[in-house]
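The structure appears right after this line, and notes come after that.
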Amino acid sequence: MKDEANARIEEEAIIAMLMMRAKALGEKNASDALSYEAEDSVEFSLAPPLVYYGQDEVDLQAWFDTWEGPIGGEVRDARLTAGEDVAFWSGLMRMTGTKTDGTEVDLWFRQTLGLVKQDGRWLVAHQHASVPFAMDGSGRALLDLKP
């Protein structure tokens, strides 16, 4: 029973951290958003390059600055598996909002997060976001898929 109670406490701590991180991302606060990431984090983002290493507050804030108002979001089919000091989360993410050039964004993508517990805090150590692509040889990203 104690192990189940401890597991639930860890899951609740992770979910709380992810919610605070999501709030910071939606509000376009790079410093706060990065406070929930390990300093040596690895990210496989939707945007180039193929991989980002570590935290880059300047680049994240520059991307935030390409949006008018807040960045909206929604999560579906979230799954969390947590151990004592390592966990992973996966789900379908929706990103909505308006870019500064007037482009309306409404994109569903897949995301997986690897989490580590450091000094009693859960942090994102690995991020992977992706969209499917057409398997017809065109290599075209399928940006219009919805769950």
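Taking CH2 of W89 as the reference point, atom CG of L115 lies at 10.0 Å (rounded to 0.5 Å). Distance check, rounded to the nearest 0.5 Å: CD1 of I14 to CD1 of I9 gives 12.0 Å. Here the CD1 atom belonging to I71 is positioned 7.0 Å from the OG1 atom belonging to T66, to the nearest 0.5 angstrom. With values rounded to the nearest 0.5 angstrom, L142 atom CG is found 16.0 Å from F109 atom CZ. Going from atom CG of L107 over to atom NZ of K146 covers 8.5 Å, rounded to the nearest 0.5 Å.
In this structure F44 satisfies the ring pair (Phe, Tyr, Trp, His ring centres under 6.0 Å) test together with H126, H128, sequence neighbours excluded. Listed by chain and residue number, nothing satisfies the ring pair (Phe, Tyr, Trp, His ring centres under 6.0 Å) test with W108 (two or more places apart in sequence, or in another chain).
Hydrophobic side-chain contacts under 4.5 Å tie V86 to no other Ile, Leu, Val, Met, Phe, Trp or Tyr residue.
Counting only residues at least two apart or in different chains, salt bridge (charged side-chain N to carboxylate O under 4.0 Å, His left out) contacts with residues 85-102 comprise E74-R94, R94-D106. Residue pairs meeting the ring-ring contact (aromatic ring centres under 6.0 Å, His included) criterion with at least one member in residues 15-35, sequence neighbours excluded, do not occur. The salt bridge (charged side-chain N to carboxylate O under 4.0 Å, His left out) analysis of residues 34-57, with sequence neighbours excluded, yields the pairs R21-E37.
Salt-bridge formation is not detected for the pair E4/R8: no Lys NZ or Arg NE/NH1/NH2 atom is positioned less than 4.0 Å from an Asp or Glu carboxylate oxygen.
Between the side chains of W122 and E10, a donor-acceptor pair is found at a separation under 3.5 Å. A donor atom on one side chain and an acceptor atom on the other are found under 3.5 Å apart for S130 and R110.
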Would you check, one step at a time, whether the test side chain to side chain donor-acceptor pair (under 3.5 Å) holds for T100 with E68? CA-CA 5 Å; T100 55; E68 284 292 331; 5.5 Å; no
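Atom CZ of F88 sits in a sparse spot, with 12 or fewer heavy atoms from other residues, nucleotides or ligands closer than 6.0 Å. Counting heavy-atom neighbours within 6.0 Å of M20 CE, excluding the residue itself, gives a total above 12.
For K117 (side chain) and E84 (main-chain N/O), no donor-acceptor pair under 3.5 Å exists by modelled atom type.
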